[in-house]
Enquirer: 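Here you go, one structure.
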Amino acid sequence: MSENDFSPSLIFRQNMLTQKLPGSGIDCIAINAGPMLTYLTGLSFHLMERPVVLLLPAGRPPAIILPELETAKLKGLPGGFQAFAYGEDPSTWPAVFREAVQFTGLEGGVVGVEPSRLRFLELSYLQAAAPQARFVSAEESLAALRMCKDAQEVSAMRRAVQIAQQALQATLPAIRPGLTERQIASELVIQLYRAGSDPELPFGPIVAGGPNSANPHASPSDRPLQAGDLLVIDWGASYNGYISDLTRTFAIGNVQPEYAHIAALVKEANQAGREAAKPGFPAETVDQAARGVIDRAGYGKYFTHRTGHGIGMESHEAPYIRQGNTLLLQPGMAFTVEPGIYLPERGGVRIEDNLVITPTGAECLSDLPRELLSIGS
Ligand code: ZN
Ligand code: ZN
């Protein structure tokens, strides 16, 4: 979305949030630079040494505290949205925070924050400006707000998946024994940019060969690929601030029969998980469906992580696809299905797809082959 286009959907999102505040005992939301601020305003700021804070009070106009040099971004914000800009001298910043606190009436109130995002920097200025305010986690209301994607968000995610798939397909022909994980990862990053990813990738690609593929969170090393390796590639692109997060596993030349066996199991588990994703069912049923396939085949203890996580503006958000999550899936919820089997010191397989729940089932945004393809020979 353009920064000067304050669309009705942004006002809708703000209202959705602030209308629910009184019920949750929160008087005002305070958000610093990051995906949530972008989600609510269409504005994006980098986390930097200068604080940026959005204040959304219930029943009052919103305010934003920001450096003067960033105020050009505010063009197009609706009337009533008050900016409090400060100059380069940090000694003047506390007074600007106090003005914003008075405008939003948050002194003495309960201020909801994002516990995993709000930094000490912003919190200190807010606390100094509103010493009587009480700061609490608003994690639940904020996560719920972003969980169901609208059509515009889904189409950005669909594009992020296409870009990622195109980038991998452009990278595969170059993969051969002797190439290191790092060399493959750097080629993939080039191809992601070439295919049209936003400059900020959702995460650095995981390229893990041989024994490294048994580590779900390996980072690319200088180990050269060898014939007989499994190769796990977990990568994603961003498009208009929305991300994709995919994994495919390859065989370098011929692999031992057990590797082909676990690859077939993971493919089956991935399919079972995708087929279980339906509106009205608890998130955990997707995990149970995928895990059941691997458990029944006797490899349960080698599937060491949850089946998936929500995706959207971030690569880890609600809903989490894990045992015990009874949250009912609803149209617009987007998440990964990514079962894996990891044989310690030997090799691993993971197959990850991106899904969006629809009124009747789920749309799988990714469609690269899931078979264990042999490459590099
Ligand atoms: Zn992934
Ligand atoms: Zn993932």
Side-chain angles (χ1 to χ4, degrees), residues 6-45 47 50-67 70-71 73-74 76-86 90 92-148 150 312-314 317-319 327:
F6 198 86
S7 70
S9 71
L10 295 172
I11 295 179
F12 175 77
R13 288 170 184 176
Q14 292 184 7
N15 289 343
M16 281 290 285
L17 179 59
T18 53
Q19 281 165 7
K20 285 190 185 142
L21 291 183
S24 55
I26 292 174
D27 302 305
C28 179
I29 293 283
I31 304 278
N32 62 324
M36 187 58 78
L37 193 147
T38 304
Y39 182 81
L40 290 165
T41 64
L43 305 171
S44 48
F45 298 95
L47 273 182
R50 303 179 184 93
V52 174
V53 181
L54 170 71
L55 297 172
L56 282 178
R60 283 181 187 233
I64 188 164
I65 305 161
L66 79 174
E70 301 267 21
T71 49
K73 288 185 177 172
L74 302 179
L77 285 183
F81 201 109
Q82 190 67 42
F84 294 88
Y86 56 78
T92 64
W93 299 358
V96 175
F97 270 79
R98 271 195 300 279
E99 279 176 56
V101 159
Q102 276 163 12
F103 178 80
T104 49
L106 68 81
E107 175 62 317
V110 178
V111 183
V113 304
E114 274 183 297
S116 57
R117 283 272 170 193
L118 190 73
R119 299 183 301 180
F120 185 73
L121 175 72
E122 287 83 5
L123 182 62
S124 322
Y125 279 107
L126 287 171
Q127 281 179 323
Q132 304 300 318
R134 195 157 62 83
F135 292 83
V136 300
S137 167
E139 177 125 48
E140 246 172 69
S141 331
L142 292 169
L145 185 67
R146 260 167 55 188
M147 205 148 38
C148 292
D150 63 28
M313 302 180 85
E314 292 178 90
E317 51 180 69
L327 177 84

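The chain is numbered in sequence order, starting from 1.
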Enquirer: For a side chain to side chain contact (heavy atoms under 4.5 Å, CB included) check, start with the C-alpha distance between Leu56 and Leu21, then their side-chain angles and the critical distance, and finish with the verdict.
Expert: CA-CA 10 Å; Leu56 282 178; Leu21 291 183; 5.7 Å; no
Enquirer: Just wondering, do Thr18 and Arg60 contact through their side chains at under 4.5 Å, heavy atoms?
Expert: no
Enquirer: Would the distance check show the side chain of Tyr39 and the main-chain N or O of Met313 forming a donor-acceptor pair, the cut-off being under 3.5 Å?
Expert: no
Enquirer: Looking at every heavy atom in both Pro67 and Pro51, which two are closest together, and how far apart are they?
Expert: CD-O, 4.1 Å
Enquirer: Check whether any side-chain heavy atom of Leu55 lies under 4.5 Å from a side-chain heavy atom of Phe103, and answer yes or no.
Expert: no
Enquirer: Between the side chains of Arg50 and Glu70, is the shortest nitrogen-to-carboxylate-oxygen separation below 4.0 Å, so that they form an ion pair?
Expert: no
Enquirer: Any non-hydrogen side-chain atom of Pro35 less than 4.5 Å from a side-chain atom of Arg117?
Expert: yes
Enquirer: Roughly how far, to the nearest 0.5 Å, is NZ of Lys20 from CD of Glu140?
Expert: 12.0 Å
Enquirer: Go through the steps to decide whether Val52 and Leu43 satisfy the test side chain to side chain contact (heavy atoms under 4.5 Å, CB included), and finish with yes or no.
Expert: CA-CA 11 Å; Val52 174; Leu43 305 171; over 6 Å; no
Enquirer: How many angstroms lie between atom CG of Leu142 and atom CG of Leu17, to the nearest 0.5 angstrom?
Expert: 5.5 Å
Enquirer: Could you grab the distance from atom CG of Leu40 to atom CD1 of Ile11, nearest 0.5 Å is fine?
Expert: 12.0 Å
Enquirer: Measure the OG1-CD distance between Thr104 and Gln82 for me, rounded to the nearest 0.5 Å.
Expert: 10.5 Å
Enquirer: Quick one, Gln14 with Thr41, criterion side chain to side chain contact (heavy atoms under 4.5 Å, CB included). Give me CA distance, side-chain angles, the key distance, then yes/no.
Expert: CA-CA 8 Å; Gln14 292 184 7; Thr41 64; 4.2 Å; yes
Enquirer: For a side chain to side chain contact (heavy atoms under 4.5 Å, CB included) check, start with the C-alpha distance between Leu106 and Asp27, then their side-chain angles and the critical distance, and finish with the verdict.
Expert: CA-CA 7 Å; Leu106 68 81; Asp27 302 305; over 6 Å; no
Enquirer: Any chance you could measure Met36, atom CE, to Ile31, atom CD1, to the nearest 0.5 Å?
Expert: 5.5 Å
Enquirer: Ignoring hydrogens, what is the shortest heavy-atom contact between Thr71 and Ala85? Give both atom names and the distance.
Expert: CG2-CB, 3.6 Å
Enquirer: With a 6.0 Å cut-off (strictly less than), is the heavy-atom count around CZ of Arg119, excluding the residue itself, greater than 12?
Expert: yes
Enquirer: Looking at every heavy atom in both Leu118 and Val113, which two are closest together, and how far apart are they?
Expert: CD2-CG1, 3.7 Å
Enquirer: From Leu54 CG over to Phe45 CZ, what is the distance, rounded to the nearest 0.5 angstrom?
Expert: 9.0 Å
Enquirer: Give the ring-plane orientation class for Tyr86 versus Phe97, where under 30° counts as parallel, over 60° as perpendicular and anything between as tilted.
Expert: parallel
Enquirer: Can you name the nearest heavy-atom pair linking Ala318 to Met147, along with the distance?
Expert: CB-SD, 3.5 Å
Enquirer: Mind listing the closest non-hydrogen atom pair of Pro115 and Ser137 along with its distance?
Expert: CG-OG, 3.3 Å
Enquirer: Looking only at non-hydrogen atoms, find the nearest pair between Glu107 and Pro131 and report the distance.
Expert: OE2-CD, 3.2 Å
Enquirer: Side chains of Pro94 and Tyr125, heavy atoms from C-beta outward: is any pair under 4.5 Å?
Expert: yes
